[in-house]
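Report on the structure given below.
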Number of protein chains: 2
Amino acid sequence: MEKDTALAALGALAQGARLDIFRLLVQAGSDGLPAGQIAGRLGLPANTLSFHLNQLRHAGLISFRRESRSLIYAAEYSAMNALLAYLTENCCQGNPGACLPPKEMNHD
Amino acid sequence: MEKDTALAALGALAQGARLDIFRLLVQAGSDGLPAGQIAGRLGLPANTLSFHLNQLRHAGLISFRRESRSLIYAAEYSAMNALLAYLTENCCQGNPGACLPPKEMNHD
DNA sequence: TCTATAATTCCATTATTGTGGAATCATGGA
DNA sequence: TCCATGATTCCACAATAATGGAATTATAGA
């Protein structure tokens with residue numbers, strides 16, 4: 001991942017309303033949520049929400065699709081995972097056991 | 001993790017110089033690096049570096065210890081890991097297989 | 001085509017943040 | 001005690017970001 005991409009993503013997440021929006025979408029899964037529903041759940045004015053959705057979108061953290069009159073936003077998990085990887089890259093002089101939490105196997 | 005803590009950490013990382021500093025320390029491991037060496041490697045004026053180290057420290061992402069005339073800074077891995085966990089909390093309606101990368105076992 | 005709804009864009013105001021020069025503090029050695 | 005070194009704090013200026021009112025665009029139904 002490029003540094004600029006990571007910076008854009010971190011900058012997008014470093015704001016209360018946007019962090020809430022992003023986590024809401026992360027939790028919602030790939031079905032996503034229409035803008036109006038996000039505004040309702042978080043109590044944000046439509047234009048303010050729109051501004052923040054744009055920031056998240058430009059940072060590559062969310063995407064949207066139109067469904068009739070609604071725009072449905074969803075988290076971009078690949079961007080999120082790339083960011084997490086960037087932060088921990090080459091940690092501890094290449095000995096990640098020293099700092100990363102023990103990973104578990106998937107159970108599926 | 002508290003939202004405010006996550007916001008502080010993200011805000012601290014959402015800046016070019018600080019992202020470089022933090023990643024340098026993550027890579028350096030728990031031995032850490034003296035401020036002067038960080039300044040040298042990243043080409044930052046001492047006072048500017050000091051300002052950024054303070055931001056990272058207040059966000060809980062790094063800590064320091066004195067060793068003679070040097071202050072040695074080191075990444076706080078627990079804070080980093082808590083942040084990563086916060087971002088992915090309850091993802092995909094509790095079905096993380098849908099968005100998180102497959103975890104592997106440690107080999108040690 | 002007229003109206004209602006969902007959402008966005010434009011704009012001005014306010015607040016926050018980053019930067020580096022100069023002064024200061026802390027430590028250790030002569 | 002005096003000096004050199006490593007680092008921080010103080011301060012003012014410049015740049016960037018967040019907010020919400022009003023106007024605008026897109027879609028669908030009567």
Side-chain angles (χ1 to χ4, degrees), chain A residues 3-25 28 31-76, chain B residues 3-25 28 31-76:
Chain A
K3 178 180 167 186
D4 287 354
T5 312
L7 270 179
L10 289 165
L13 293 172
Q15 204 279 340
R18 288 197 296 266
L19 185 54
D20 288 342
I21 295 166
F22 182 71
R23 298 215 320 146
L24 187 59
L25 291 178
D31 289 352
L33 289 173
Q37 206 162 124
I38 301 173
R41 289 213 212 174
L42 300 180
L44 292 169
N47 58 352
T48 298
L49 174 71
S50 205
F51 168 75
H52 290 308
L53 287 171
N54 234 317
Q55 304 287 111
L56 288 166
R57 199 160 57 74
H58 275 109
L61 287 168
I62 64 176
S63 60
F64 73 101
R65 63 183 193 277
R66 181 177 280 278
E67 231 164 70
S68 175
R69 271 178 287 197
S70 298
L71 297 187
I72 315 262
Y73 286 86
E76 277 292 325
Chain B
K3 178 179 168 186
D4 287 355
T5 312
L7 270 178
L10 289 164
L13 293 172
Q15 204 279 338
R18 288 198 294 266
L19 185 54
D20 288 341
I21 295 166
F22 182 71
R23 297 215 320 144
L24 187 59
L25 291 178
D31 289 352
L33 289 173
Q37 206 162 126
I38 301 172
R41 289 212 213 174
L42 300 179
L44 292 169
N47 57 353
T48 298
L49 174 70
S50 205
F51 169 76
H52 289 308
L53 287 172
N54 234 317
Q55 304 286 110
L56 288 166
R57 200 159 56 73
H58 275 109
L61 287 168
I62 64 175
S63 59
F64 74 102
R65 63 183 193 276
R66 183 176 279 278
E67 230 164 71
S68 176
R69 270 177 291 197
S70 297
L71 296 188
I72 316 263
Y73 285 85
E76 276 293 325

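All chains are named by letter (A, B, ...) in the order of the sequence lines, taking the proteins before the strands, and each is independently numbered beginning at 1.
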**Request:** Would you indicate what B:A46 reaches in the nucleic acid, counting non-hydrogen atoms under 4.0 angstrom: base, sugar-phosphate, or nothing?
**Result:** base
**Message:** On DNA chain D, compare the nucleotides closest to A:P45 and B:A35; which residue's is nearer the 5' end?
**Reply:** B:A35
**Message:** I need the CZ-P distance between A:R66 and D:dA28, as an integer number of Å.
**Reply:** 8 Å
**Asked** So which of A:L24, A:I72, A:I21, A:L71 actually passes side chain to side chain contact (heavy atoms under 4.5 Å, CB included) with A:L33?
**Response** A:L24
**Message:** Pick the closest DNA chain D nucleotide for A:G11 and for B:F51 by heavy atoms, then say which residue is nearer the 5' end.
**Reply:** B:F51
**Fill in**
Separation of D:dG20 atom P from A:L44 atom CG, nearest Å, is 8 Å
**Request:** Please examine the side chains of B:R18 and B:F51, heavy atoms only from C-beta on, and report whether any two atoms are closer than 4.5 Å.
**Result:** yes
**Asked** In whole Å, what is the span from the CZ atom of A:R18 to the P atom of D:dT16?
**Response** 16 Å
**Integer-rounded Å distance: C:dT16 P and B:Q55 CD** = 14 Å
**Item:** Selection from D:dA7, C:dT8, C:dG28 that lies nearest to any side-chain heavy atom of B:S68
**Value:** C:dG28
**Request:** Can you tell me the distance, in whole Å, between the CG atom of B:N54 and the P atom of D:dA7?
**Result:** 14 Å
**Per A:L53 side chain, nearest of listed nucleotides D:dT9, C:dG18, C:dT8** = C:dT8
**Prompt:** Are B:H52 and C:dT19 close enough that a side-chain N or O sits under 4.0 Å from OP1 or OP2?
**Reply:** yes
**Item:** D:dG6 OP1/OP2 closer than 4.0 Å to side-chain N/O of B:Q37
**Value:** no
**Asked** What's the closest nucleotide to the A:L71 side chain, out of D:dT27, C:dT19, C:dA7?
**Response** C:dA7
**Asked** Please give, in whole Å, the distance from C:dT16 P to B:L7 CG?
**Response** 14 Å
**Prompt:** Under a 4.0 Å N-O cut-off, is there an ion pair linking A:R41 with A:D20?
**Reply:** no
**Request:** Compare the minimum distances between each of C:dG18, C:dA7, C:dG20 and the side chain of B:T48, then state the nucleotide with the smallest one.
**Result:** C:dG20
**Prompt:** Is there a donor-acceptor pair under 3.5 Å between the side chain of A:R66 and the backbone N or O of A:S68?
**Reply:** yes
**Asked** Whole-Å distance between C:dT24 C1' and B:R69 CZ?
**Response** 17 Å
**Request:** Find the distance A:N47:CG to C:dT13:P and express it as a whole number of Å.
**Result:** 17 Å
**Complete:** Of all heavy-atom pairs linking B:L49 and B:A35, the shortest is CD2-O, 3.2 Å
**Asked** Which part of the nucleic acid does B:S50 contact within heavy-atom distance under 4.0 Å: base, sugar-phosphate only, or nothing?
**Response** base
**Message:** Just to be sure I understand the rule, does B:Y73 reach a base, reach only the sugar-phosphate, or reach nothing, if contact means heavy atoms closer than 4.0 Å?
**Reply:** sugar-phosphate
